**Student:** 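Sharing a structure below in structure tokens format, with a few things to ask.
All values below were derived from every heavy atom in this structure, side-chain atoms included, with hydrogens, water molecules and symmetry-related copies excluded. In this text, all values refer to a predicted model and were calculated from it rather than measured experimentally. Both counts, for ligands and for their atoms, begin at 1 and track the order of listing.
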Amino acid sequence: MNSKVDVLLGLQWGDEGKGKIVDVLTPQYDIIARFQGGPNAGHTLEFNNIKHVLHTIPSGIFHPTKVNVVGNGVVIDPIIFKKEIDALEKMGVDVKKNLVISRKAHLILPTHCALDGASEADKGKKKIGSTLKGIGPTYMDKTGRNGLRVGDIESEEFGSKYASLKAKHEGLLAPYNFEYDVSEKEITWFDGIKKIKELTLIDSEHFLNRNLSSGKRILAEGAQGSLLDIDFGSYPFVTSSNTVAAGACTGLGVAPNKIGDVIGIFKAYCTRVGSGPFPTELFDETGEKLRKEGHEFGATTGRPRRCGWIDLPALKYAIMVNGVTMLNMTKADVLSIFDEIKVCTHYKYKGEIIDYLPYDINDSEIEPVYDRLPGWKEDLTQLSSEEEFPPELIDYIDYLEKALGTPITVVSVGPDRSQTILRTEVPA
Ligand code: GDP
Ligand code: IMO
Ligand code: MG
């Protein structure tokens, strides 16, 4: 019996709560697979009073009978990867049993991080606001056909391949007035490589397709968000991979006709870290309240996240490019502090009212047009079923479902695994 790959991904600018929801949905799957991005991601999980942030490892790792796959589309920094594994092993997670890595995943070198830093410093005010984890330079080497891959560590020539790529990077760094020293980092980097060697390396496309043929259920876990996609995001203020559903095909080696449901996660409002356009961003006290109430500080860099109201034209765009079949809304509890909730339905752009995301929102003024809905002013964090929802929350959900033409199947009302309300049957 053949089965399909469901894809779960962020519909905004990242940090929608993907880690939490993947952890909640994992019992319904056999395999959880990351398909793109790298340690720029920070996916937070909370259960039994433990809070844990994952960067490269899929968010199904705390379920001992599930297999977690780092797919070919992911980029791995061995230093961060080893730290993640060490922390999990300390918590008693049998990482060696539950984690497998694609040989085709690319490696982030210490000099990739230096190049990221140099490029951002050089851009000055126009910087992307990168997490500086070497993501852009590593994907550049991948598409430029210079990259080092996980499979290379099995080759006797690995040392020389590393040295020649490092030398290439040193050449690229020379014209920048950028100080860097990778000598100490290199030692930990090679320690990380040793750690990766202890794990099971696979050809993930064969592994996953074989498992699909035998009826195993697979959930692909996205990183970042659709508005940070290299093709469809607010370029150039984006990341360097395809964060949209199509990325699951190329990042895992599964064909488009093997994709089942596409689960789109969105926050009940909006946040963004780093530079780039954000039409509904709030610079006032309301924005500050959202940041405070939502603890909106980056899970990877600790940077304060920019906050604003929900943006329906942007969400509709993300739903379209991903083929989203069901929506999950997170952080509804954060909106409990407001008497009134605003929803951006249109933009005022170049003298017109439009309901779509135009090509150039980087340099042109774009002004959100809002609808207003009454707030529920009620603590949601202790709720355990949909029947307990305040009527204003039901109205908010109905409003969004109608506007977005897609059902909201999960409502998250707090960071903990248990604070999750499944509204209808989730994909089996
Ligand atoms: P991800 O990158 O999409 O996995 O999201 P992050 O982990 O970067 O950011 C989401 C943050 O919100 C984390 O701190 C989560 O613990 C937290 N979170 C997730 N869902 C909820 C929710 O429904 N309510 C609240 N208050 N916090 C949530
Ligand atoms: P998760 O998976 C939020 C942002 C950075 C920057 C831009 C480019 O936790 O949702 P990069 O390091 O990729 O060169 O940065 O993308 N960014 C994220 N923002 N969540 C993330 O991941 C992000 N990963 C990258 O802040 O604006
Ligand atoms: Mg995050």
**Student:** Can a non-hydrogen atom of G129 be found less than 4.0 Å from any atom of ligand 2?
**Tutor:** yes
**Student:** Do any nitrogen or oxygen atoms of S275 lie less than 3.5 angstrom from nitrogen or oxygen atoms of ligand 2?
**Tutor:** no
**Student:** State the atom name: nearest N, O or S atom of D15 to the Mg ion (ligand 3).
**Tutor:** OD1
**Student:** Just distances here: any N/O of K133 and N/O of ligand 2 closer than 3.5 Å?
**Tutor:** no
**Student:** What part of T44, side chain from CB on, backbone N/CA/C/O, both or neither, has a heavy atom under 4.0 Å from ligand 1?
**Tutor:** both
**Student:** Checking contacts here: is it the side chain or the backbone of V413 that comes within 4.0 Å of ligand 1, counting heavy atoms only? Could be both or neither.
**Tutor:** backbone
**Student:** Less than 3.5 Å between some nitrogen or oxygen of E16 and one of ligand 2, yes or no?
**Tutor:** no
**Student:** Consider every N or O of I135 and every N or O of ligand 2, then say whether any pair is closer than 3.5 Å.
**Tutor:** no
**Student:** Could an N or O of ligand 2 be found under 3.5 Å from any N or O of S240, whether backbone or side chain?
**Tutor:** no
**Student:** For K18, state whether at least one heavy atom is located under 4.0 Å from any atom of ligand 2.
**Tutor:** yes
**Student:** With a 4.0 Å cut-off on heavy atoms, is A41 touching ligand 1?
**Tutor:** no
**Student:** Where does the angle between the aromatic ring planes of F47 and F62 fall among parallel (under 30°), tilted (30 to 60°) and perpendicular (over 60°)?
**Tutor:** perpendicular
**Student:** What do you reckon, does R305 put a non-hydrogen atom under 4.0 Å from ligand 1?
**Tutor:** yes
**Student:** Taking N or O atoms only and a 3.5 Å limit, does D116 qualify as a polar contact for ligand 2?
**Tutor:** no
**Student:** By number and element, which atoms of ligand 1 are closer than 4.0 Å to a non-hydrogen atom of H43?
**Tutor:** 1 (P), 2 (O), 4 (O), 7 (O)
**Student:** Using a strict 4.0 Å threshold on nitrogen-to-oxygen distance, state whether K331 and E293 make a salt bridge.
**Tutor:** no
**Student:** So if I count the atoms of ligand 1 from 1 in the order they appear, which ones are less than 4.0 Å from some heavy atom of S412?
**Tutor:** 20 (N), 21 (C), 22 (C), 23 (O)
**Student:** So is T301 close enough to ligand 2, meaning a heavy atom under 4.0 angstrom away?
**Tutor:** no
**Student:** Just which atoms of ligand 1 are under 4.0 Å from any heavy atom in E46?
**Tutor:** 16 (O)
**Student:** Is there a heavy atom of G10 sitting under 4.0 angstrom from any atom of ligand 2?
**Tutor:** no
**Student:** Number the atoms of ligand 1 from 1 as they appear, then name those within less than 4.0 Å of a heavy atom of G19, with their elements.
**Tutor:** 4 (O)
**Student:** Does any N/O atom on A41 come nearer than 3.5 Å to any N/O atom on ligand 2?
**Tutor:** no
**Student:** Considering only heavy atoms of W13, which atoms of ligand 2 have at least one such atom less than 4.0 Å away?
**Tutor:** 3 (C), 19 (N)
**Student:** I'd like to know if R305 contacts ligand 2, where contact means a heavy-atom distance under 4.0 Å to any ligand atom.
**Tutor:** no
**Student:** Contact between ligand 1 and G414 is defined here as a heavy atom of the residue under 4.0 Å from a ligand atom; is it met?
**Tutor:** yes
**Student:** I'd like to check which ligand 2 atoms, numbered from 1 as shown, lie under 4.0 Å from a non-hydrogen atom of A223.
**Tutor:** 2 (O)
**Student:** Using the side chain to side chain contact (heavy atoms under 4.5 Å, CB included) rule, take L422 and T409 through it: C-alpha gap first, then chi angles, then the decisive distance, then the call.
**Tutor:** CA-CA 6 Å; L422 309 184; T409 55; over 6 Å; no
